[in-house]
Amino acid sequence: MRILKGDITSFKADVLVTAANTYLRGGGGVDAAVHQAAGPELLESLKDHNGCETGDAVITEAFNLDAKYVIHAVGPIYEDGNNEEAKLLASAYKRSIELAKSVDAKSILFPAISTGVYGYPLEEALSIAVDSINLACNELNFLGDIAMVCFDGKTYSLLSELLNQ
Ligand code: ADP
């Protein structure tokens with residue numbers, strides 16, 4: 001897994017993952033940036049979906065983004081860690097890789113799902129991200145390129161430590 005720093009919409013890949021909410025109606029943070037860069041058709045295309053459960057994801061076209069698809073992954077809102085947050089966060093990553101594989105994507109960019117407004121403790125969320133991405137790639141035999149895009153220095157340095165990069 002590679003680590004990139006910056007705004008996810010400034011990178012090119014087959015699939016760009018955004019951290020969406022269950023309503024799939026656009027949100028703040030990374031989702032706002034993705035909708036802004038993709039254009040209004042992205043929101044339009046999400047109206048075909050009747051929302052998305054936490055821990056699941058849906059796939060759409062990418063419109064004006066430099067990508068083929070956007071995967072809208074719904075991570076958990078962190079409460080106290082006793083509400084299946086870890087399982088749901090891992091599931092959001094795994095479902096995204098499954099969907100990416102289903103369209104034969106060769107490269108995926110992930111943001112650090114749930115670590116912004118959703119309040120997941122950063123170190124724990126990154127460790128779950130790394131483990132679940134590795135596990136899902138092995139289980140699903142996904143051989144493409146995966147990068148985590150870190151928007152801030154703290155996320156970047158913690159992830160670099162975690163991956164010894
Ligand atoms: P969530 O609601 O799942 O917590 P957020 O969008 O609030 O989602 O935050 C998830 C992560 O995405 C945070 O680490 C945040 O700093 C980061 N982020 C915000 N904007 C961008 C962006 N344009 N590109 C990549 N990551 C971003």
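Ligands are counted one by one from 1 in listed order, and the atoms in each one are counted from 1 as well.
- Scanning all protein heavy atoms for the shortest distance to atom 24 (N) of ligand 1 gives I8 N, 2.9 Å.
- Within the model, atoms CG of L99 and NE2 of H72 stand 10.5 Å from one another, a figure rounded to the nearest 0.5 Å.
- Here the protein heavy atom with the shortest distance to atom 23 (N) of ligand 1 is D7 OD1, 2.9 Å.
- When every heavy atom of D80 is checked against every heavy atom of N83, the shortest pair comes out as OD1-ND2, 3.0 Å.
- For E139 against K94, the heavy-atom pair with the smallest separation is OE1-NZ, 2.8 Å.
- Of the listed residues (A19, P111, G29, A112), the one carrying the non-hydrogen atom nearest atom 10 (C) of ligand 1 is A112.
- When only interatomic distances are considered, the shortest N/O to N/O separation between V30 and ligand 1 falls below 3.5 Å.
- The nearest heavy-atom contact from the protein to atom 26 (N) of ligand 1 is F151 CB, 3.4 Å.
- One option in A33, G116, A73 has a heavy atom closer to atom 5 (P) of ligand 1 than any other, and that option is G116.
- Just one of T18, V149, I97, L16 meets the side-chain contact (heavy atoms from CB on, under 4.5 Å) condition when paired with F110; it is I97.
- Smallest separation of non-hydrogen atoms from M148 and A129: CE-CB, 4.2 Å.
- Under the 3.5 Å distance criterion, with hydrogens and angles disregarded, no donor-acceptor pair is assigned to the side chains of D7 and S10.
- Proximity of G6 to ligand 1 is established by a heavy-atom distance of less than 4.0 Å.
- Taking a 4.0 Å cut-off on heavy atoms, S114 registers as neighbouring ligand 1.
- Cluster membership check: I3 does not share its hydrophobic cluster with L109, using side-chain heavy-atom separations under 4.5 Å among Ile, Leu, Val, Met, Phe, Trp and Tyr.
- With hydrophobic clusters built from ILVMFWY side chains whose heavy atoms lie under 4.5 angstrom apart, I108 shares a cluster with Y93.
- At under 3.5 Å, not a single nitrogen or oxygen of D31, backbone or side chain, sits near a nitrogen or oxygen of ligand 1.
- Residues E98 and K101 are not paired through a salt bridge, judged by the lack of any N-O separation under 4.0 Å between the basic side chain and the carboxylate.
- Heavy-atom proximity to D152, at under 4.0 Å, picks out these atoms of ligand 1: 16 (O).
- Given atom 7 (O) of ligand 1, the protein heavy atom at minimum distance is V117 N, 2.9 Å.
- Checked against a 3.5 angstrom limit, the closest N/O atoms of T155 and ligand 1 fall outside it.
- The shortest N or O to N or O distance between T115 and ligand 1 is below 3.5 Å.
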